[in-house]
Novice: 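Please find one structure pasted underneath; my questions will follow.
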Amino acid sequence: MSATAAPSSPHVMNTYGRLPIALSHGQGCRVWDTEGRAYLDGLGGIAVNTLGHNHPELVPALQDQVSKLIHSSNYYHVPGQEQLAAKLTELSGLTNAFFCCTGLEANEAALKLARKFGHDKGIERPEIVVYEAAFHGRSIATLSATGNPKVQKGFGPLVEGFIRVPLNDIEALKKATEGNPNVVAVFFETIQGEGGIHPMRWEYLRQVRQLCDDRDWLMMIDEVQCGMGRTGKWFAHQWAGIKPDVMPLAKGLGSGVPIGAVVAGPRAANLFGPGNHGTTFGGNPLAMRAGIETIRIMEEHKLLDNAANVGAHLKGALERELGGLPGVKEIRGQGLMLGIELDRPCGVILNRACEAGLLLSVTADSVIRLVPPLILSVAEADEIVAILVPIVKAFLAEPTP
Ligand SMILES: *Cc1c(COP(=O)(O)O)cnc(C)c1O
């Protein structure tokens with residue numbers, strides 16, 4: 001692509017289709033590559049860098065923590081776990097949290113909670129409802145829950161005990177579970193991320209909540225990508241006025257420091273006892289400090305409002321510029337989690353935007369995804385539009401192969 005040479009990877013496993021650049025440092029919503037080229041960050045490390053880069057309040061807090069204690073052990077109490085769990089339960093209305101390091105781990109914990117919930121009720125072969133196009137991670141259990149055959153291919157036999165249904169169709173959910181006494185939980189993303197920015201309708205969320213109450217199922221919402229303020233509320237499901245029983249979090253929770261959590265309400269918070277679940281790194285003092293400070297800074301700088309307002313501005317501008325053009329199917333999402341679906345595969349837009357100085361991603365083959373840091377300004381949103389719109393228009397004007 002550009003003059004930038006592709007750094008070669010003779011010793012790193014070949015698991016990613018990488019762009020031929022390497023980033024060296026960042027400031028706010030800007031990052032620079034090792035050759036000194038600047039980029040506007042429309043991706044935020046895939047919805048991870050909540051506070052952007054080199055945040056003037058986060059960095060000193062992490063430096064302070066590194067000099068005190070990076071890791072202790074879950075052999076001991078970790079005060080930061082208590083503090084972050086108290087904050088997450090306050091924000092979610094749930095009651096208890098377990099800490100891990102990644103999204104898939106948070107989802108593994110959720111799946112184990114659902115199975116334990118079943119076994120405690122005498123259900124020997126518990127089954128969990130999952131959704132088409134869902135993404136929950138790449139461990140054997142979470143890739144089995146994922147609804148993308150490409151993620152599963154080559155890794156069978158898959159974990160059993162999943163029932164798959166389409167999004168936003170309450171009758172389909174009822175039909176798929178009719179007369180099945182082994183169902184223990186419904187598990188989904190409020191807004192599917194990797195699947196192509198597909199939101200669950202709020203009315204559907206309320207219907208699922210009711211069904212879970214009526215049938216004594218756990219409602220488990222994977223907010224790994226859409227949570228932590230990205231949509232303008234702490235958790236995307238809060239737009240529907242409902243509460244889940246189990247909520248995995250990760251990505252944006254630590255602004256880049258690896259951290260995951262599963263937060264649970266009264267029906268699921270006491271299913272695990274000592275020995276049922278654990279992890280060496282989970283909840284370590286550095287990660288806890290990152291989570292605590294991220295939330296504190298988000299509150300102090302009203303970043304939920306910023307995500308909602310700048311997100312609405314960005315979506316509005318994209319709709320004005322691209323909505324209704326032949327080839328543009330739909331512009332979806334909420335806050336700073338937006339997708340532009342085209343009528344054809346558009347992976348090349350990722351490269352062209354990168355060459356033009358804008359980082360973003362293309363997911364589900366034909367959906368341009370924007371999940372920038374939540375500190376994005378209106379001026380930066382306008383800059384995203386100014387770079388992206390001509391690229392999309394030029395792409396759509398090309399003859400389809
Ligand atoms: C990214 C993602 C995961 C997996 O998180 P990892 O940290 O990559 O394991 C799970 N669920 C959703 C919704 C995600 O977006």
Side-chain angles (χ1 to χ4, degrees), residues 13 15-18 43-50 98-114 128-148 150-152 155 159 162 164 167 185-200 205 219-231 234-237 244 246-263 279 281-284 287 290-291 294 332-339 360-364 367 369-372 374:
M13 278 195 199
T15 56
Y16 305 101
R18 298 182 199 263
L43 184 64
I46 319 183
V48 168
N49 295 304
T50 305
F98 171 87
F99 294 104
C100 51
C101 305
T102 67
L104 81 78
E105 275 183 87
N107 286 335
E108 284 277 349
L111 297 173
K112 282 180 69 174
L113 281 171
I128 298 167
V129 176
V130 291
Y131 285 75
E132 290 171 3
F135 181 82
H136 298 298
R138 293 173 179 276
S139 67
I140 296 292
T142 57
L143 76 79
S144 302
T146 287
N148 179 348
K150 281 194 214 158
V151 172
Q152 298 174 334
F155 300 107
V159 170
F162 294 109
R164 199 166 301 280
L167 276 72
V186 181
F187 183 38
F188 60 89
E189 302 150 81
T190 311
I191 303 176
Q192 289 185 338
E194 303 310 300
I197 316 294
H198 291 289
M200 293 287 190
L205 293 179
M219 184 184 207
M220 309 205 300
I221 308 190
D222 178 350
E223 292 255 353
V224 165
Q225 187 161 158
C226 60
M228 290 317 297
R230 182 149 293 282
T231 64
W234 283 107
F235 308 109
H237 66 263
V246 176
M247 175 174 68
L249 298 173
K251 290 202 165 88
L253 176 55
S255 285
V257 175
I259 179 172
V262 64
V263 192
T279 156
F281 287 129
N284 88 16
T294 295
R332 291 188 292 266
Q334 194 162 1
L336 288 172
M337 181 171 187
L338 299 175
L360 47 69
S361 80
V362 171
T363 189
V367 181
R369 169 173 53 178
L370 293 166
V371 283
L374 304 190

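Whatever order the structure lists them in is the order used to number ligands and atoms, beginning at 1.
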Novice: Between the candidates Gln225, Gln192, Lys251, Glu108, which shows the shortest non-hydrogen contact distance to atom 1 (C) of ligand 1?
Specialist: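 Selected option, by shortest heavy-atom distance: Lys251.
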
Novice: Taking only heavy atoms of Leu104, which atoms of ligand 1 are found under 4.0 Å from at least one of them?
Specialist: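 Answer, ordered by atom number: 4 (C), 5 (O), 6 (P), 9 (O).
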
Novice: Would you kindly say whether Thr146 and Gln152 are connected by a side-chain donor-acceptor distance under 3.5 Å?
Specialist: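 Looking only at side-chain atoms, Gln152 and Thr146 do not form any donor-acceptor pair under 3.5 Å.
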
Novice: Heavy-atom distances under 4.0 Å decide this one: backbone, side chain, both or neither, for Ile46 against ligand 1?
Specialist: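 Neither part.
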
Novice: Could you measure the distance from the CG atom of Leu338 to the CZ atom of Arg369? Nearest 0.5 Å is fine.
Specialist: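 Leu338 atom CG to Arg369 atom CZ measures 12.0 Å (nearest 0.5 Å).
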
Novice: Can you tell me the protein heavy atom closest to atom 11 (N) of ligand 1 and the distance?
Specialist: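 Sorting protein heavy atoms by distance from atom 11 (N) of ligand 1 puts Asp222 OD2, 2.8 Å first.
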
Novice: Protein heavy atoms: any of them under 4.0 Å from atom 15 (O) of ligand 1?
Specialist: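 Given the 4.0 Å limit, the answer for atom 15 (O) of ligand 1 is yes, a protein heavy atom qualifies.
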
Novice: Is Phe281 atom CZ crowded by more than 12 heavy atoms from other residues, nucleotides or ligands, each under 6.0 Å away?
Specialist: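 It does not: Phe281 CZ has 12 such atoms or fewer within range.
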
Novice: May I ask you to list the atoms of ligand 1 that are less than 4.0 angstrom from any heavy atom of Thr102?
Specialist: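 Every atom of ligand 1 under 4.0 Å from some heavy atom of Thr102: 7 (O), 9 (O).
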
Novice: Kindly write out the residues that satisfy ring pair (Phe, Tyr, Trp, His ring centres under 6.0 Å) with Phe135, not counting sequence neighbours, or none if the list is empty.
Specialist: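 By the ring pair (Phe, Tyr, Trp, His ring centres under 6.0 Å) rule, Phe135 matches no residue at all.
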
Novice: With a 4.0 Å heavy-atom cut-off (strictly under), which part of Glu189 contacts ligand 1: side chain, backbone, both or neither?
Specialist: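 Side chain only.
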
Novice: Mark up the atoms of ligand 1 that fall under 4.0 Å of a heavy atom belonging to Asn107, in ascending order.
Specialist: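 The atoms of ligand 1 under 4.0 Å from a heavy atom of Asn107 are 10 (C), 11 (N).
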
Novice: A quick test of your reading: do over 12 heavy atoms of other residues, nucleotides or ligands sit less than 6.0 Å from CZ of Arg332?
Specialist: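 Atom CZ in Arg332 is crowded, with more than 12 foreign heavy atoms closer than 6.0 Å.
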
Novice: Please find the pair of heavy atoms, one from Cys226 and one from Thr190, that lie closest to each other, and give the distance.
Specialist: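 Looking at all heavy atoms of both residues, the shortest contact is SG-CB, 3.9 Å.
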
Novice: Nearest to atom 5 (O) of ligand 1, what protein heavy atom do you find, and at what distance?
Specialist: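 Going by distance alone, atom 5 (O) of ligand 1 is nearest to Gly103 CA, 3.2 Å.
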
Novice: Taking only residues two or more places apart in sequence, or in another chain, which ones meet Phe235 in a ring pair (Phe, Tyr, Trp, His ring centres under 6.0 Å)?
Specialist: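 Ring pair (Phe, Tyr, Trp, His ring centres under 6.0 Å) list for Phe235, sorted by chain: empty.
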
